[in-house]
*Asks:* 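Below are the structure tokens for one structure; questions will follow.
Just so it is clear: chains get the letters A, B, ... in the order the sequence lines come, proteins before strands, and each one is counted from 1. Atoms considered below: every heavy atom in the structure, side chains included; atoms not considered: hydrogens, waters and symmetry mates.
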There are 2 protein chains.
Amino acid sequence: MIDTKKITARGRPRSFDRDKALATAQRLFHQKGYDALSVADLTAAIGINPPSFYAAFGSKAALYAEALWLYEANEGLDVATALAPEIPLGQGVAAIFKQAADAYASGDARGCMVIEGARGTVDPEAGAVARSRMEASRSFIRDKIAARDLPQAEILADYIMMALAGLSSSAKNGLPTQRLRTLAAMAADGVTQHIEEA
Amino acid sequence: MIDTKKITARGRPRSFDRDKALATAQRLFHQKGYDALSVADLTAAIGINPPSFYAAFGSKAALYAEALWLYEANEGLDVATALAPEIPLGQGVAAIFKQAADAYASGDARGCMVIEGARGTVDPEAGAVARSRMEASRSFIRDKIAARDLPQAEILADYIMMALAGLSSSAKNGLPTQRLRTLAAMAADGVTQHIEEA
DNA sequence: TTTTTTTTGTATCAATCACTACATAAATCC
DNA sequence: GGATTTATGTAGTGATTGATACAAAAAAAA
């Protein structure tokens, strides 16, 4: 495979910062959702015209996919640390829920961008992308639990995803951080109880 | 031709059954969501033309409000019975969650029409209607709990709404009934634990 | 300079959205 | 019967959607 990385750019240089535009798009997608945010909104926020938009990002859905990836990299929950083998599972799950409570209620874009995008998005392509990322998260969590030789990895992963969806929903409904944290602690009790019973 | 509701109707009689059309609309709104369902879809499904649609229902948003009301009347959870004073609270909440697990995974329209509508709807008017109904449900639940002289009525109501949102989300993601029931039972544990701690 | 390559701004495109103007059809009231 | 009232079908409204055609502009390469 030949390196296709351009060392020197040919042609007219881009007049805007692509990474900055992507960050702007990610924030707006998170705030308003895919369907409620038009390409006209995006180009206006970035400060470019439609042809520049499509030349740089391909399509609205492709930009959304990039934005989701950026969101997961920057604001995603640290599941790997929370579910590390040396930490008791109940404690790890509680840590995840607490992280979620803090993250989902912070800033102007409330809720989880992936979870909300997977559910509410009308556009089929964008919805499929978000659902794919959500399923990837579920698989990651399930594998982390299964590594403990626990037979309930599947249902526990389902429960965690359910609780995160509930927390995201409550956050979007405007619940303050402190109240979300209480809900997170209560939801974590459902896990500890289920492990003890087994 | 078909329908003569009022025997003493004045002008040309309506050629379709309004109640049947409303039921059709309710099912479609629940299946596809408000934004993904166009007026053209609705008129095609009912078998009428746009003028008849608007003469009968006023607007798409007004029909959605009627559909939400019909949904709550026909498929709403029986919270009043579950949270009756003579039933232990933990048991009542578990009953609500089990009801939700069964209802949200049944048929072709998965999830709760109110919860999903309150969150994902882009249209401001329709979203506000759904959110209003959801807030009414929360208040009803809170009052039922507060009637037991429990100081945690607010947070418990928040927790129930959070769990219902999570169950609705998981149901829309395709989880089968049996798995949803297990999640419902786990979520109910979070309540019993919280009551015992107080 | 001349050529080549890429981005830019202007000005759209066709499709879809919720919604209606209008004339006709079908009923009751006088 | 004629007048009145309501619903219907045809056809189309303006607005908005995501995405483009086109030619000028701006850079490197020849």
*Asks:* Do T81(A) and D78(A) have side-chain N/O donor and acceptor atoms under 3.5 Å apart?
*Replies:* yes
*Asks:* Take P51(A) and D41(A), find for each the nucleotide of DNA chain D with the closest heavy atom, and name the residue whose nucleotide sits nearer the 5' end.
*Replies:* D41(A)
*Asks:* When all nucleic acid strands are considered with a 4.0 Å heavy-atom cut-off, which category describes L63(A): base, sugar-phosphate, or nothing?
*Replies:* nothing
*Asks:* Aromatic rings F16(B) and F57(B): how do their planes relate, parallel, tilted or perpendicular, breaks at 30° and 60°?
*Replies:* tilted
*Asks:* Working to the nearest 0.5 angstrom, can you tell me the gap between H30(B) NE2 and C112(B) SG?
*Replies:* 6.5 Å
*Asks:* Taking 4.0 Å as the cut-off, does a side-chain nitrogen or oxygen of S15(A) come that near to OP1 or OP2 on dT7(C)?
*Replies:* no
*Asks:* Which of the following nucleotides, dG18(D), dA18(C), dT8(D), is nearest to the side chain of S38(A)?
*Replies:* dG18(D)
*Asks:* Rounded to the Å, how far apart are D123(A) CG and dC17(C) P?
*Replies:* 13 Å
*Asks:* Salt bridge (Lys or Arg N to Asp or Glu O under 4.0 Å): which pairs involve residues 37-46 of chain A, sequence neighbours left out?
*Replies:* none
*Asks:* Once you apply the 3.5 Å cut-off to both distances, tell me the Watson-Crick or G-U wobble partner of dT10(D), or none.
*Replies:* dA21(C)
*Asks:* To the nearest 0.5 Å, what is the distance between CD1 on I155(A) and CD on Q178(B)?
*Replies:* 9.0 Å
*Asks:* Can you figure out which of dA11(C), dA26(D), dA26(C) approaches the side chain of P50(A) most closely?
*Replies:* dA11(C)
*Asks:* Nearest whole angstrom, please: distance from the P of dG9(D) to the CD1 of I46(B).
*Replies:* 12 Å
*Asks:* In whole angstrom, what separates R18(A)'s CZ from dT7(C)'s C1'?
*Replies:* 14 Å
*Asks:* Measure the distance from CD on E125(B) to P on dA18(C) and round it to the nearest whole Å.
*Replies:* 13 Å
*Asks:* Could you say whether A55(B) or R10(B) is positioned toward the 5' end of DNA chain D, judged by the nucleotide with the nearest heavy atom to each?
*Replies:* R10(B)
*Asks:* Among dA19(D), dT10(C), dA25(D), which nucleotide sits nearest the side chain of N49(A)?
*Replies:* dT10(C)
*Asks:* Nearest-Å distance, CZ (F53(A)) to C1' (dT17(D))?
*Replies:* 13 Å
*Asks:* Under 4.0 Å, heavy atoms only, any strand: does L42(B) hit a base, just the sugar-phosphate, or nothing?
*Replies:* nothing
*Asks:* dT8(C), dA18(C), dA19(D): which one has an atom nearest the side-chain heavy atoms of V39(A)?
*Replies:* dA19(D)
*Asks:* Let me know the distance between CZ of F57(A) and P of dT7(C), rounded to the nearest Å.
*Replies:* 12 Å
*Asks:* Taking only N and O in the side chain of S52(A), is any of them less than 4.0 Å away from OP1 or OP2 of dT7(C)?
*Replies:* no
*Asks:* Report the nucleotide, chosen from dT8(C), dC19(C), dT8(D), that has the shortest atom-to-atom distance to any side-chain atom of F16(B).
*Replies:* dT8(D)
*Asks:* How many whole angstroms separate atom NZ of K60(A) from atom P of dA15(C)?
*Replies:* 19 Å
*Asks:* Identify which nucleotide among dA18(C), dA21(C), dT8(C) has an atom closest to any side-chain atom of R12(A), counting heavy atoms from C-beta outward.
*Replies:* dT8(C)
*Asks:* Rounded to the nearest Å, what distance is computed from the CZ atom of residue R14(B) to the C1' atom of nucleotide dG9(D)?
*Replies:* 16 Å
*Asks:* Of the options I160(A), D102(A), L183(A), L180(A), which is the one that meets F97(A) in a side-chain contact (heavy atoms from CB on, under 4.5 Å)?
*Replies:* I160(A)
*Asks:* For I48(A) and for A36(B), locate the closest nucleotide of DNA chain C by heavy-atom distance; then report the residue assigned to the nucleotide nearer the 5' terminus.
*Replies:* I48(A)
